[in-house]
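Reading through the structure tokens given below for one structure.
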Amino acid sequence: MATLIDGKKISNDIEMELAEEVRELVSRGLRPPHLAAVLVGDDGPSRTYVRNKIRACETVGYKSSLIKFAADVTEARLVEEIERLNKDDEIDGYIVQLPLPEHISVERITDHINHRKDVDGFTPTNFGKIDQEHHSHLPATPMGVMELLKRYAIQTKGKHCVVVGKSHIVGMPMGILLAGPGDATVTICHIFTQELARYTRMADILVVAVGKPNLITADMVKEGVVVIDVGINRVPDDTKKSGYALRGDVDFEAIEPKASFITPVPGGVGPMTIASLIMNTMAAYKARQGLAESLTE
Ligand code: GUN
């Protein structure tokens with residue numbers, strides 16, 4: 001029987017800690033932190049994620065702004081909005097929810113985001129500083145995973161961590177964080193990896209971020225493995241009002257008896273991305289207010 005890694009509870013704890021901090025700041029006459037979210041188009045999961053991010057701001061007492069664009073917005077118009085957000089003194093941090101429509105280059109958009117306001121940790125400056133001590137903001141999801149490992153006292157030093165997925169927002173930064181500050185030996189696998197099971201079976205800690213339900217089956221892991229499932233997949237389910245259920249990338253029911261620790265989906269990594277986002281927003285706010293060491297140039 002594995003210990004369930006309860007991301008929902010940890011993120012609630014973090015939110016309560018931040019809410020207390022906001023109350024204290026406001027009682028001193030300061031304004032609360034302010035996070036903006038840019039949402040382009042009508043993607044269902046993106047709308048849900050952004051709604052949850054705005055809700056988290058309300059819970060902790062931050063101000064939030066939702067800036068919506070139609071799917072056919074031009075890249076130039078989006079860049080203009082980003083430049084406006086960079087200059088807006090009332091905004092401490094902002095995110096541009098991904099994915100973006102195909103006619104817009106994520107790379108070009110990310111290049112315009114001021115790294116001090118980049119609370120998602122996606123900009124080249126923040127990505128380049130992942131393994132450095134004085135970074136501005138760490139990428140939100142990998143940061144959330146590291147926080148879960150820390151709060152469950154799961155050591156990474158000297159362990160073999162296998163990351164499945166090499167996305168810019170999860171797999172790649174996850175590998176750097178585990179090998180750098182985490183002092184782990186890291187293998188990054190992906191869609192072109194031959195004999196995936198050969199690597200996943202060697203994992204002391206397995207992080208899966210692919211977006212494919214049941215990609216990892218029980219025969220692909222060793223006894224005692226720590227499983228971090230980053231996948232959030234909508235699978236058809238007639239018993240649900242929404243018509244779908246959320247599943248991760250691992251076969252939870254079959255793997256759970258073999259694992260020492262495992263994250264559920266939902267309620268594992270997902271809430272931690274949001275917790276990281278609001279932690280990064282607090283750091284950006286404090287730097288802007290001169291309440292903490294300023295963020296890196
Ligand atoms: N799309 C999926 N995950 C994320 C995330 O963490 N941040 C943003 N901005 N978009 C996403």
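Each ligand, and each atom within it, is numbered from 1 in the order the structure gives. Values below: every heavy atom of this structure, side chains too, minus hydrogens, waters and symmetry copies.
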Q | Residue pair D13 / R151, side-chain heavy-atom distance below 4.5 Å | A | yes

**Q.** Minimum side-chain heavy-atom gap L78-V38 below 4.5 Å
**A.** yes

Q: Could you establish whether F122 and ligand 1 come within less than 4.0 Å of each other, counting only heavy atoms on the residue side?
A: yes

Q) Relative to ligand 1, is V96 under 4.0 angstrom through side chain, backbone, both or neither, heavy atoms considered? A) backbone

For [atom], what's the nearest protein heavy atom and its distance?
atom: atom 3 (N) of ligand 1; result: I169 CD1, 3.7 Å
atom: atom 9 (N) of ligand 1; result: D120 OD2, 2.6 Å
atom: atom 6 (O) of ligand 1; result: T273 CG2, 3.6 Å

Q. Which word best sums up how the rings of H168 and F127 line up, parallel for under 30°, tilted for 30 to 60°, or perpendicular for over 60°?
A. parallel

Q) Should the pair R84-E80 be classified as a salt bridge under the 4.0 Å nitrogen-to-oxygen rule? A) no

Q: Return yes or no for this condition: an N or O of Q97 is under 3.5 Å from an N or O of ligand 1.
A: yes

Q. Would you say ligand 1 has an N or O under 3.5 Å from any N or O of L98?
A. yes

Q: Find the distance between CZ (F252) and CG (L4) and round it off to the nearest 0.5 Å.
A: 5.0 Å

Q) Side chain of D92, backbone of H34: donor and acceptor closer than 3.5 Å? A) yes

